[in-house]
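Working notes for the structure below.
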Amino acid sequence: MSPEFNTDFDPRHGEMVDVSPLLRRIVCNNPSKYSFHGTGTYVIGHGDVAVVDPGPRDPAHVEALLRALGEETVRAILITHTHGDHSPAAAALHDATGAPVLGFGPHPEDAISEEADADGENPAAANDAHRPDIDFDPETRLAHGDTVDGPGWTVKALHTPGHISNHLCFALVEENAVLTGDHVMGWSTTIIPPPDGDVSDYLRSLQLLLDRSDEVLYPTHGGPVDDPQRYVSALLNHRLRREAQILNQLAEGPASAKQMVAVLYADVRKELHRPAARSVVAHLTKLHNEGRAAPTFAAASTTSSDTVWTLS
């Protein structure tokens, strides 16, 4: 069973929208091939609230969020992870409200160089609004199982590494729902960029959601996932099928991730081939750790999509 993606989503940029009795969402106008229609900032509760993923370095989005909140009190700023479209605006929101910022931890060092992606852009450049949030340092670090609460709402942190090692999902206990960040998205699969992105971790994190009984998932990008068990199972099976396809490619002879993408992603838009190659490298790294694949030479870095691999 393949995942059935839902791309039917009206972002209503800059407008606060009710999505459930305890949840509202305002979408930043930062669409891209990675962020779909933009970053969805969620507000949990009413009166005394928590804000999840305030978004990128975009003053207009922060202003729209503050205007929509009005006289409400921000009790906590919760961060799923430190990619540049999720956490950087936490600093501006903290300055405006005094609310503490909570997350798993700083941006991992291994995740900085990985983000220089195929478009030739340098995400660490000072002018790049979506560069990794290397300055992020939460006032409170959340571990798996930690809770944050307010009037009428309780949030439980779920550590879900894979897309990035500091990724958290947030379970909204009262609604049997989970805010999934980039761990599970309804419009697309998740990129797993090495060396910090890890396929083994990602599969375990998918299983963590499967072991729960949530009724709905709310990704940061796009609309909700209304059948979590079926959809997450399909994502897990998709990853396992992709691994089998990679092994089949290597059985035909040595190949690089870039070469395999040309075959495995032939029906996918070319602009997505470079990020797809990063995910293929992550799969190859998993296979290497399991003794099933190896680079054909002692490369300086096995994270390159040009490195040639073979079966072990």
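Bear in mind the structure is a predicted one, so any value in this text is a computation, not a measurement.
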Could you check H81 against H163 for ring-ring contact (aromatic ring centres under 6.0 Å, His included), going step by step and ending with a plain yes or no?
CA-CA 9 Å; H81 65 294; H163 174 60; 5.2 Å; yes

Trace of the side chain to side chain contact (heavy atoms under 4.5 Å, CB included) decision for V178 with R212
CA-CA 10 Å; V178 177; R212 296 173 53 84; 4.0 Å; yes

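Salt-bridge annotation for R230 and D226: absent, with no side-chain N of the basic residue lying under 4.0 Å from a carboxylate O of the acidic one.
Within the 4.5 Å cutoff, the side chain of L311 has heavy atoms near those of the L247 side chain. A 4.5 Å side-chain heavy-atom check between Q229 and D214 finds every atom pair outside the cut-off. Side-chain contact between L142 and V148 is present, with at least one heavy-atom pair separated by less than 4.5 Å. Using a 4.5 Å heavy-atom threshold, the side chains of R239 and L203 count as touching. Looking only at side-chain heavy atoms (C-beta outward), D133 and R57 come within less than 4.5 Å of each other. Residues V27 and T41 fail the side-chain proximity criterion, which asks for heavy atoms closer than 4.5 Å. Two residues are said to be in side-chain contact when any heavy atoms from C-beta on lie closer than 4.5 Å; R278 and P194 meet this criterion. Residues H13 and N30 form no side-chain contact, since every pair of their non-hydrogen atoms from C-beta on lies 4.5 Å or further apart.
For the ring-ring contact (aromatic ring centres under 6.0 Å, His included) condition, the pairs that include at least one residue of residues 174-196, sequence neighbours left out, are F36-W187, H183-Y202. Residue pairs that meet the salt bridge (charged side-chain N to carboxylate O under 4.0 Å, His left out) test with at least one member in residues 260-269, sequence neighbours left out, are R269-E271. Applying the salt bridge (charged side-chain N to carboxylate O under 4.0 Å, His left out) rule to pairs touching residues 43-54 yields D48-R75, sequence neighbours excluded. Judged as a salt bridge (charged side-chain N to carboxylate O under 4.0 Å, His left out), the pairs with a partner in residues 198-210 (not counting sequence neighbours) are, in order, D201-R204. Pairs of residues two or more places apart, or lying in two chains, never qualify as salt bridge (charged side-chain N to carboxylate O under 4.0 Å, His left out) while including a residue from residues 143-161. Note on residues 262-283: no pairs pass ring-ring contact (aromatic ring centres under 6.0 Å, His included), not counting sequence neighbours.
By the salt bridge (Lys or Arg N to Asp or Glu O under 4.0 Å) test, R292 is found to be paired with E243, E290, residues two or more places apart in sequence or in another chain being considered. In this structure, the side-chain hydrogen bond (donor to acceptor under 3.5 Å, both in side chains) partners of R24, at least two apart in sequence or on a different chain, are E72. Partners of S312 under the side-chain hydrogen bond (donor to acceptor under 3.5 Å, both in side chains) rule, at least two apart in sequence or in another chain, do not exist in this structure. Take F170 and apply the ring pair (Phe, Tyr, Trp, His ring centres under 6.0 Å) test, not counting sequence neighbours, and it matches no residue. Remark: H61 engages no residue in a ring pair (Phe, Tyr, Trp, His ring centres under 6.0 Å) (not counting sequence neighbours). Under the rule for a side-chain hydrogen bond (donor to acceptor under 3.5 Å, both in side chains), the partners of T154 that lie at least two apart in sequence or sit in another chain are E174.
Closest non-hydrogen pair, P3 versus Y231, comes out as CB-CE1, 4.1 Å. In this structure, W153 and V49 approach most closely via the heavy-atom pair CZ2-C, 3.9 Å. Shortest non-hydrogen contact noted between A257 and V280 is CB-CG1, 3.7 Å. Closest of all the heavy-atom pairs between P108 and T82 is CD-OG1, 4.2 Å. Scanning all heavy atoms of the two residues, the minimum distance from L168 to G103 falls at CD1-C, 4.0 Å. Smallest separation of non-hydrogen atoms from S35 and D85: CB-OD2, 3.9 Å.
Using modelled atom types, no side-chain atom of D18 and backbone atom of S20 make a donor-acceptor pair closer than 3.5 Å. At distances below 3.5 Å, at least one donor-acceptor pair connects side-chain atoms of N166 with backbone N or O atoms of P106. No side-chain donor-acceptor contact under 3.5 Å links D58 to the backbone of C28. Put simply, the side chain of S305 never gets that close to the backbone of K258: no donor and acceptor are under 3.5 Å apart. Checking side-chain atoms of E252 against main-chain N and O of Q249 turns up no donor-acceptor pair under 3.5 Å. Side-chain atoms of T296 never come within 3.5 Å of backbone atoms of W309 as a donor-acceptor pair (strictly under, hydrogens ignored). Looking at Y218, its side chain never comes within 3.5 Å of a backbone N or O of L23 through a donor-acceptor pair. Although no hydrogens or angles enter the test, the distance criterion places a donor-acceptor pair under 3.5 Å between the side chain of E175 and the main chain of L22.
With 3.5 Å as the limit, one finds a donor-acceptor pair spanning the side chains of T160 and H167. A donor-acceptor pair shorter than 3.5 Å can be found between the side chains of H86 and D182. Between S165 and D196, the side chains place a donor N or O and an acceptor N or O closer than 3.5 Å (distance only, hydrogens not considered).
Heavy-atom contacts from other residues, nucleotides or ligands closer than 6.0 Å to CG of D8 number 12 or fewer.
One finds the CD atom of E15 at 8.5 Å from the CD1 atom of I26 (value rounded to the nearest 0.5 Å). Rounding to the nearest 0.5 Å gives a distance of 7.5 Å between CD1 of I246 and CG of L250. Taken from CG in L172 to CG in L179, the straight-line distance is 7.0 Å, to the nearest 0.5 Å. Note that the OH atom of Y42 and the CG atom of L78 stand 14.0 Å from one another [nearest 0.5 Å].
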